Protein chains: 2
Amino acid sequence: MLPEFLAFINQRTSIRPGQRLLLAVSGGIDSVVLTELIRQSGFPFGLAHVNFSLRGAESDRDAAFVRALAGNLGVPFHYTQVDTHSVAAENGWSTQLAARNLRYDWFAEIREQKGYDWIVTAHHLTDSLETVLLNLVRGTGLAGLHGIPVQNGRVCRPLLCFSREELLDFARNNELEWVEDSSNATTDYSRNRIRHDVLPVLRELNPGLEKTFRGSLDRLSAADRWFQALLIPLHRQVAESGRIDAAWLAAQPEPLLLFSELLRPYGFSYRQAVNIYENPAQQTGRYYFSGTHRLLWDRGVWMLDRADNVYPSFHIEENMPLISAPGFTLTFEKLSHTSFLPGNDPSVAWLDAECLPFPLVLRPWQAGDRFCPLGLGGKAQKVSDYLVDQKIPRNEKNGVYVLESNHEIAWIVGRRADERFKITENTKGIIRVTCQKESSLS
Amino acid sequence: MLPEFLAFINQRTSIRPGQRLLLAVSGGIDSVVLTELIRQSGFPFGLAHVNFSLRGAESDRDAAFVRALAGNLGVPFHYTQVDTHSVAAENGWSTQLAARNLRYDWFAEIREQKGYDWIVTAHHLTDSLETVLLNLVRGTGLAGLHGIPVQNGRVCRPLLCFSREELLDFARNNELEWVEDSSNATTDYSRNRIRHDVLPVLRELNPGLEKTFRGSLDRLSAADRWFQALLIPLHRQVAESGRIDAAWLAAQPEPLLLFSELLRPYGFSYRQAVNIYENPAQQTGRYYFSGTHRLLWDRGVWMLDRADNVYPSFHIEENMPLISAPGFTLTFEKLSHTSFLPGNDPSVAWLDAECLPFPLVLRPWQAGDRFCPLGLGGKAQKVSDYLVDQKIPRNEKNGVYVLESNHEIAWIVGRRADERFKITENTKGIIRVTCQKESSLS
């Protein structure tokens with residue numbers, strides 16, 4: 001495998017001989033194979049391990065394993081332990097997103113501090129195929145069919161030329177030791193279903209599935225690179241003028257696609273772009289928000305500008321499926337039965353439709369606001385106290401929104417629903433509201 | 001469903017009110033729903049049914065059902081019965097490909113004869129999703145991710161806005177009758193695995209799978225339409241000059257992708273394009289063939305011209321994975337074990353590697369050629385007699401190739417292997433040779 005590994009590094013990454021590599025090592029088979037291949041390649045390197053405190057003694061065992069591996073190899077070992085659950089709760093993130101953010105932030109820090117050239121992770125071709133299938137399930141454009149990028153910023157993934165099976169063969173042939181990464185098999189339910197129930201069927205239809213897939217990836221990513229290259233002058237034009245002329249747009253071959261691509265650098269998702277473009281009731285003076293920018297419709301022209309620290313209110317009518325607020329998007333779904341059970345995800349509110357007459361108001365919280373946090377039996381609390389209890393940093397407090405119906409707060413958006421609107425056994429209709437932070441949309 | 005159906009016809013097809021529609025009706029649920037929706041829409045229409053003679057009495061039952069349906073509706077009924085197995089054998093096609101070709105050829109004929117405006121088939125959104133997943137399994141570019149086209153030529157597929165589940169609901173709500181199309185569940189093994197084992201898992205991860213998928217399809221097909229629009233002037237340039245300059249090509253953002261797109265109208269597949277482009281041993285004067293054209297490399301320029309009735313010979317070295325001959329491509333794979341069992345597909349030859357010393361010769365058959373047809377116990381036969389027995393039409397005989405090793409014919413390409421090269425229990429290595437007709441490649 002070594003020649004193929006080196007050829008892939010040479011052709012598809014910017015890593016050059018002699019550069020110092022910081023390897024992200026969980027101790028699982030993938031990262032152990034990565035370590036061995038990098039060792040055989042002769043690059044100077046160090047190992048970095050994050051203990052996410054998610055699996056108790058097993059987490060400690062893994063950390064000890066990687067420390068010993070670094071010791072045996074005589075290379076630097078970088079280690080940190082984080083409280084993933086707390087960080088997730090504080091930011092309204094899923095555990096998985098919190099782990100991901102903590103990991104990459106800390107790697108970037110160590111890279112700079114210790115003078116490594118690249119962060120190297122052990123993602124492989126089968127991971128990438130899983131990602132593409134997940135994107136297809138969730139909805140995607142061309143960009144979501146690339147799979148995992150071989151290189152972005154200072155992170156490289158040179159195992160993306162190998163399937164999981166090939167890594168396993170290599171590990172056995174080289175008599176490598178690794179720890180079974182049971183978190184891999186439990187944190188992402190959807191990915192596990194794809195891995196264990198879908199890929200085996202596809203592999204039966206094509207035993208060379210991953211190899212075939214690698215060919216498709218090359219074709220699809222080439223198409224997207226070309227496409228992006230052609231967009232460069234148009235992006236420049238929008239950046240310089242801050243305007244998109246609707247008549248010009250309508251004369252292009254694929255106006256909606258172009259509109260969504262032109263808005264993407266300003267933090268607007270494809271779904272937002274569709275919603276804005278197809279909105280039949282465009283009113284002059286109406287704003288749409290991304291995490292960083294706002295878009296104003298003004299008599300035939302879309303005007304873009306930055307929207308830092310602008311927190312407008314929104315009136316929400318019954319049939320608006322999607323609201324673009326500063327930094328997040330809300331989607332509204334009516335569920336006619338109770339087969340969907342409310343989960344613990346703070347980014348989703350399950351509200352009783354009968355308690356929630358429209359129009360709703362979405363507005364920044366303000367001093368004096370009170371609500372009844374879900375699960376406290378209807379006891380009222382000041383929103384300001386709640387935000388202090390949750391240790392929301394001062395600079396984020398301004399961006400906290402509440403969703404109101406009939407002057408009662410139904411939801412602290414993305415954080416906590418209200419007891420008075422909760423689903424009970426008498427609930428007939430459900431309104432499910434989902435908050436998606438714009439930075440995590442593609 | 002009717003308003004959505006009409007909106008889809010209006011926005012996504014060229015069908016206009018009052019035009020006469022020829023519906024392709026198998027009698028299964030999909031085509032029965034199609035018939036009912038078209039009836040409710042008020043278009044003048046007739047039913048066309050092909051009896052493929054593949055399922056004996058069940059085929060006849062289906063024909064009678066559709067005839068009765070047309071009678072009840074008081075609309076014209078067009079019927080034909082074909083011998084699918086014979087047509088498949090004569091042309092070296094799979095049963096499935098033969099059925100497909102017979103079907104569309106006959107629909108086109110009836111449409112012209114009887115003055116219909118459009119042929120309308122009952123493909124739906126779930127079929128389209130299955131097609132995309134199959135293409136991903138088999139390898140694809142952007143064009144393979146469109147799914148089934150809503151309209152091509154004179155064929156329209158207005159049910160592509162609905163999932164299979166929606167059709168089933170409609171059929172029940174309207175108390176429609178249909179026949180269970182058991183051929184649907186047996187002729188395409190791969191599609192059935194996707195339908196019954198993969199889609200249920202994906203639908204569990206996203207209950208609105210098909211709806212999500214429809215959004216992705218819109219995005220992906222918009223990207224491809226844009227891409228194709230940008231290629232038009234380059235296609236014109238190649239068509240006018242018959243040349244592709246290698247230096248110009250190398251200066252483009254994605255040379256290989258562009259090369260493959262520019263060659264596509266001349267019948268070259270993506271795999272051929274890659275093989276030609278990446279071939280390190282380009283020799284001046286070397287030709288590559290598609291079904292209709294040839295490409296000549298001449299000191300820095302690719303020259304294209306038509307190649308009707310040109311049948312050159314090829315010498316095949318051990319490590320050439322792919323040979324582009326006139327009208328077909330051969331791929332060579334070495335299999336190191338016998339876990340793959342030879343099937344009955346005439347387009348694949350399973351040959352014993354020890355009996356097959358390289359270089360091989362691929363050449364048109366000639367008078368006096370003899371071989372030992374597989375399964376006849378080593379008895380020799382004249383190739384000319386074999387071709388007569390197989391009823392190969394005169395105009396196709398010139399294009400029949402044989403694959404030789406050491407002056408012995410190992411395979412009548414795409415038709416019949418030779419007994420002397422067959423896999424036995426003593427076989428150690430296998431050479432699997434696959435013949436792909438260029439017209440069926442994408």
Side-chain angles (χ1 to χ4, degrees), chain A residues 129 132-145 189-191 193-194 196-209 211-231 252-258 260-261 270-271 274 333 339-340, chain B residues 129 132-145 189-191 193-194 196-209 211-231 252-258 260-261 270-271 274 333 339-340:
Chain A
L129 175 54
V132 166
L133 290 170
L134 282 168
N135 287 342
L136 261 184
V137 167
R138 290 165 186 163
T140 186
L142 189 48
L145 298 172
Y189 177 77
S190 299
R191 184 175 288 270
R193 293 285 281 163
I194 299 280
H196 298 295
D197 298 319
V198 171
L199 288 189
V201 179
L202 304 186
R203 219 174 267 124
E204 190 192 298
L205 301 181
N206 176 3
L209 182 67
K211 203 170 163 186
T212 299
F213 172 68
R214 196 175 149 192
S216 301
L217 273 191
D218 285 346
R219 292 173 73 176
L220 293 168
S221 58
D224 197 42
R225 283 194 303 271
W226 189 351
F227 186 55
Q228 295 302 333
L230 295 169
L231 286 173
Q252 301 304 308
E254 297 294 332
L256 172 58
L257 183 70
L258 180 55
S260 70
E261 289 292 337
Y270 178 77
R271 285 189 319 146
V274 172
E333 294 160 285
S339 67
F340 293 88
Chain B
L129 175 54
V132 166
L133 289 170
L134 282 169
N135 287 342
L136 261 185
V137 167
R138 291 167 184 160
T140 187
L142 189 47
L145 298 172
Y189 176 78
S190 300
R191 183 175 289 270
R193 292 286 282 165
I194 299 281
H196 298 296
D197 298 320
V198 171
L199 288 189
V201 179
L202 303 186
R203 219 174 268 122
E204 190 192 299
L205 301 181
N206 177 2
L209 183 67
K211 203 170 165 185
T212 300
F213 172 68
R214 195 176 148 191
S216 301
L217 272 191
D218 285 347
R219 292 174 73 175
L220 294 169
S221 58
D224 196 42
R225 283 195 302 271
W226 189 351
F227 187 55
Q228 295 302 332
L230 295 168
L231 286 174
Q252 302 304 308
E254 297 294 331
L256 172 57
L257 184 70
L258 181 55
S260 71
E261 289 291 337
Y270 178 77
R271 288 189 318 146
V274 172
E333 294 160 284
S339 66
F340 292 89

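The structure displayed is predicted, hence computed values, not measured ones. Every chain is numbered from 1, with letters handed out A, B, ... down the list of sequences.
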Looking at [options], which makes the most heavy-atom pairs under 4.5 Å with chain B?
options                            : value
D218(A), L258(A), D224(A), I194(A) : L258(A)
T140(A), L134(A), L145(A), V132(A) : T140(A)
V274(A), V198(A), N135(A), D197(A) : V198(A)

[X] portion near chain A, given a 4.5 angstrom heavy-atom threshold:
X       : answer
L202(B) : both
L256(B) : neither
L129(B) : neither
E204(B) : side chain
L133(B) : side chain

State the [atom1]-[atom2] distance between [X] and [Y], to the nearest 0.5 angstrom.
X       : Y       : atom1 : atom2 : answer
F227(A) : L257(B) : CZ    : CG    : 13.0 Å
R219(A) : E254(B) : CZ    : CD    : 13.5 Å
L136(B) : L205(A) : CG    : CG    : 12.5 Å
W226(A) : L231(B) : CH2   : CG    : 4.5 Å

Nearest heavy-atom contact between G139(B) and S216(A) is CA-OG, 3.2 Å

Looking only at heavy atoms, which two atoms of G141(A) and L220(B) are closest? And how far apart?
C-CD2, 3.7 Å

For T212(B), which residues count as a side chain to side chain contact (heavy atoms under 4.5 Å, CB included) partner, sequence neighbours excluded?
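Scan of T212(B) (side chain to side chain contact (heavy atoms under 4.5 Å, CB included), adjacent residues dropped) gives N206(B).
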
Who wins among A222(B), S190(B), P253(B) for the most heavy-atom pairs under 4.5 Å with chain A?
A222(B)

Relative to chain B, which segment of R203(A) carries a heavy atom at a distance below 4.5 Å: side chain, backbone, both, or neither?
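For R203(A), no heavy atom lies under 4.5 Å from chain B.
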
For R214(A), which residues count as a side chain to side chain donor-acceptor pair (under 3.5 Å) partner, sequence neighbours excluded?
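Partners of R214(A) by the side chain to side chain donor-acceptor pair (under 3.5 Å) criterion, ordered by chain and then number, come out as E4(A).
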
